[in-house]
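Contents: one structure, followed by commentary.
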Amino acid sequence: MTYIIDHAKKFIHELTYQEKRCGIEQTPADHRELTDSAPYIYTLEKEKMYAKCPYCHEVPLIID
């Protein structure tokens with residue numbers, strides 16, 4: 001899994017599910033980072049108080 005880290009807003013986005021309402025394109029490029037390191041993401045969440053973006057981490061279920 002590849003993640004986009006928004007250091008300005010302290011959000012972690014999933015690149016695969018990232019969408020316009022996540023707002024990552026409004027963050028300057030020098031405040032964004034790409035990573036595929038799960039331990040790094042864990043450290044950001046637990047030690048630096050980063051949060052997972054609710055729009056790209058919560059994939060809705062569609063039931064017919």
Side-chain angles (χ1 to χ4, degrees):
M1 178 73 57
T2 303
Y3 300 95
I4 304 172
I5 302 167
D6 180 340
H7 291 290
K9 298 175 188 164
K10 290 192 165 190
F11 272 112
I12 301 166
H13 303 272
E14 286 188 23
L15 183 62
T16 306
Y17 302 111
Q18 183 259 327
E19 53 184 76
K20 187 173 184 156
R21 65 183 179 164
C22 293
I24 191 72
E25 66 276 346
Q26 294 150 354
T27 300
D30 61 334
H31 287 90
R32 289 186 248 160
E33 177 183 7
L34 284 174
T35 186
D36 61 356
S37 172
Y40 179 50
I41 296 301
Y42 181 81
T43 300
L44 289 174
E45 288 181 297
K46 299 304 176 195
E47 295 177 12
K48 306 280 184 173
M49 305 308 287
Y50 279 60
K52 289 183 178 174
C53 172
Y55 301 115
C56 55
H57 280 276
E58 297 294 327
V59 180
L61 290 175
I62 300 174
I63 301 172
D64 290 332

Please round to the nearest 0.5 Å and tell me the distance separating atom CD1 of I12 and atom CG of D6. 10.0 Å

Residue pair E14 / Y3: nearest heavy atoms and the distance that separates them: CG-CE2, 3.9 Å

Can you name the side-chain contact (heavy atoms from CB on, under 4.5 Å) partners of Q26, sequence neighbours left out? K9

Which atoms form the tightest heavy-atom contact between C53 and H13, and what is the distance? CB-ND1, 3.3 Å

Less than 3.5 Å apart, which donor and acceptor atoms pair up between the side chains of residues 30-44 and the rest of the protein, not counting sequence neighbours?
unit_1	atom_1	unit_2	atom_2	d
R32	NE	T27	O	2.9
R32	NH2	T27	O	2.8
E33	OE1	H7	NE2	2.7
E33	OE1	Y40	OH	3.0
T35	OG1	S37	N	3.1
S37	OG	Y40	N	3.2
T43	OG1	P39	O	3.0

Using the rule that two of Ile, Leu, Val, Met, Phe, Trp, Tyr join whenever any of their side-chain heavy atoms come within less than 4.5 Å, decide whether I5 and Y17 are in one cluster. no

Rounded distance (nearest 0.5 Å) linking atom CD of E45 with atom NZ of K48: 14.0 Å

For the residue pair E19 and R21, what are the closest heavy atoms and their distance? OE2-NE, 2.5 Å

Please give me the minimum heavy-atom distance between Q18 and E25, naming the atom from each residue. NE2-OE1, 4.0 Å

Exercise: identify the closest heavy-atom pair between F11 and Y50: N-CD2, 4.1 Å

